[in-house]
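Written below as structure tokens is the structure these notes are about.
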Amino acid sequence: MKQIIRFAIIGALALALVSCGASRKREASPVSTFIMPGNEYLSGDGLIRAWGIGKSDSESAARKKAKMEASTELASVLSRTVNSTMQQYTAALSESISSESKSLLIEKSSIVVEQTLVGATIIFDRWGKDDSTGQYTNYVVMELKGRDFLNSLYKELGKQSELDKDLLEKIFMQAIDEEGKNK
């Protein structure tokens with residue numbers, strides 16, 4: 001019973017985070033436009049990244065806002081990447097994977113998404129101050145390692161899974177690269 005309640009709460013949280021990120025109008029990423037040239041802060045090569053901007057007349061409040069926005073976006077990106085991976089993976093193995101294994105994989109993926117988000121690290125943190133308004137602007141980029149997600153998923157599934165780990169990893173890493181290209 002506790003598992004069902006936990007799964008329902010995690011599902012509701014994931015849906016809330018995804019809908020929050022999708023409903024507001026996003027500005028163009030400052031990372032690739034006017035803060036840093038190049039694509040070193042975009043998702044790819046097994047790394048999932050998201051950015052956030054916070055503005056306030058307090059430096060700490062601006063940073064908190066930036067971290068919250070980056071965390072929300074990271075949850076959204078990870079959720080899209082995992083959903084895409086699970087759809088492609090189950091389609092590729094539709095005949096050799098049982099429906100029980102599919103539902104177990106999807107359930108455990110949702111649990112691991114929440115656990116993995118806790119391990120996000122800040123890889124870029126810059127701020128500026130507009131002297132005319134007194135407003136601070138903080139830019140934050142957060143990162144998750146795709147391999148950490150997969151390792152947590154394998155651990156959560158244990159020995160009871162029929163996973164083709166090589167295929168799952170290949171599809172997941174491709175989904176991360178595609179996410180970076182779509183920015």
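A quick note: this is a predicted structure, and the numbers were derived from the prediction, not measured. Because only heavy atoms are used, hydrogens play no part in the values below, and waters and symmetry mates are left out as well, while side chains stay in.
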Heavy-atom side-chain contact between Phe124 and Tyr139 under 4.5 Å: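 They are in contact (side-chain heavy atoms under 4.5 Å apart), so the answer is yes.
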Got Val82 and Phe149 here, is their nearest side-chain heavy-atom distance under 4.5 Å? yes
Partner residues of [X] under the side-chain contact (heavy atoms from CB on, under 4.5 Å) criterion, sequence neighbours left out:
X: Lys170; value: Gln174
X: Lys155; value: none
X: Leu168; value: Thr85, Met86, Tyr89, Leu150, Leu153, Tyr154, Leu163
X: Lys65; value: Ser56

Nearest heavy atoms of Ser152 and Val112, plus distance in Å: CB-CG1, 3.5 Å
Members besides Trp127 in its Ile/Leu/Val/Met/Phe/Trp/Tyr cluster (side-chain heavy atoms under 4.5 Å):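 Other cluster members: Tyr136.
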Indicate if Met173 and Leu47 have the same hydrophobic cluster label, given that clusters are the connected sets of ILVMFWY residues with side-chain heavy-atom separations under 4.5 angstrom. no
In Å and rounded to the nearest 0.5 Å, what is the [atom1] to [atom2] distance from [X] to [Y]?
X: Ile123; Y: Met142; atom1: CD1; atom2: CE; result: 10.0 Å
X: Ile48; Y: Asp177; atom1: CD1; atom2: CG; result: 10.5 Å
X: Asn151; Y: Lys145; atom1: CG; atom2: NZ; result: 12.0 Å
X: Glu73; Y: Met68; atom1: CD; atom2: CE; result: 13.5 Å
X: Leu78; Y: Thr116; atom1: CG; atom2: OG1; result: 6.0 Å
X: Ile122; Y: Ser71; atom1: CD1; atom2: OG; result: 7.5 Å

With a 4.0 Å cut-off, would you call Asp125 and Arg63 a salt bridge? yes
Which is it for Leu74 and Leu117 under the side-chain contact (heavy atoms from CB on, under 4.5 Å) test, yes or no, and what are the steps along the way? CA-CA 8 Å; Leu74 195 60; Leu117 288 171; 4.2 Å; yes
Results of salt bridge (charged side-chain N to carboxylate O under 4.0 Å, His left out) for Asp57 - residues two or more places apart only: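 Partners of Asp57 under the salt bridge (charged side-chain N to carboxylate O under 4.0 Å, His left out) test: none.
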Does a donor on one side chain and an acceptor on the other come within less than 3.5 Å for Ser76 and Arg80?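 Yes, a side-chain donor-acceptor pair sits under 3.5 Å.
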